[in-house]
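Keep in mind it's a predicted model, so treat the numbers as computed, not measured.
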Amino acid sequence: MHKDDFRDFAQMIDDFYALLNKPAPSATAKAMFFRALAQFSLAEVQCGLDLHIKDPQRGRFPPLPADVIEQIS
């Protein structure tokens, strides 16, 4: 992802947490999440989040960057 993708990424994270009825992470936490996934495109990250939420076990919990990377790989 590129710096220009941060706003869209942050909105995806906010929406994901809203879907789980959880409070959104802080701006600092979103920035850390973004940096951890920077090697991937925004589309790949969105795909990883989509796959995470479809997972019957893990999809009930907020993802960590490692969860998204596992879904992408």
**Q** Is there a donor-acceptor contact under 3.5 Å from the side chain of Asp8 to the main chain of Asp5?
**A** no

**Q** Which donor-acceptor pairs under 3.5 Å do the side chains of residues 46-60 make with protein atoms, sequence neighbours left out?
**A**
| unit_1 | atom_1 | unit_2 | atom_2 | d |
| --- | --- | --- | --- | --- |
| His52 | NE2 | Arg58 | O | 3.1 |
| His52 | NE2 | Phe61 | O | 2.9 |
| Asp55 | OD1 | Gln57 | N | 2.8 |
| Asp55 | OD1 | Arg58 | N | 2.9 |
| Arg58 | NH1 | Glu70 | OE1 | 2.6 |
| Arg58 | NH1 | Glu70 | OE2 | 3.4 |
| Arg58 | NH2 | Glu70 | OE2 | 3.3 |
| Arg60 | NE | Pro56 | O | 3.3 |

**Q** Identify every side-chain donor-acceptor pair in residues 12-26 under 3.5 Å, counting partners at least two apart or on other chains, and give the distances.
**A**
| unit_1 | atom_1 | unit_2 | atom_2 | d |
| --- | --- | --- | --- | --- |
| Asp14 | OD1 | Lys30 | NZ | 2.7 |
| Asp14 | OD2 | Lys30 | NZ | 3.2 |
| Asp15 | OD1 | Gln11 | NE2 | 2.8 |
| Ser26 | OG | Ala29 | N | 3.1 |

**Q** Going from NZ on Lys3 to CZ on Phe34, what distance comes out if it is rounded to the nearest 0.5 angstrom?
**A** 9.5 Å

**Q** So, using side-chain contact (heavy atoms from CB on, under 4.5 Å) as the criterion, who are the partners of Leu37 when residues are at least two apart?
**A** Met1, Phe9, Phe33, Phe40, Val45, Pro65, Val68, Ile69

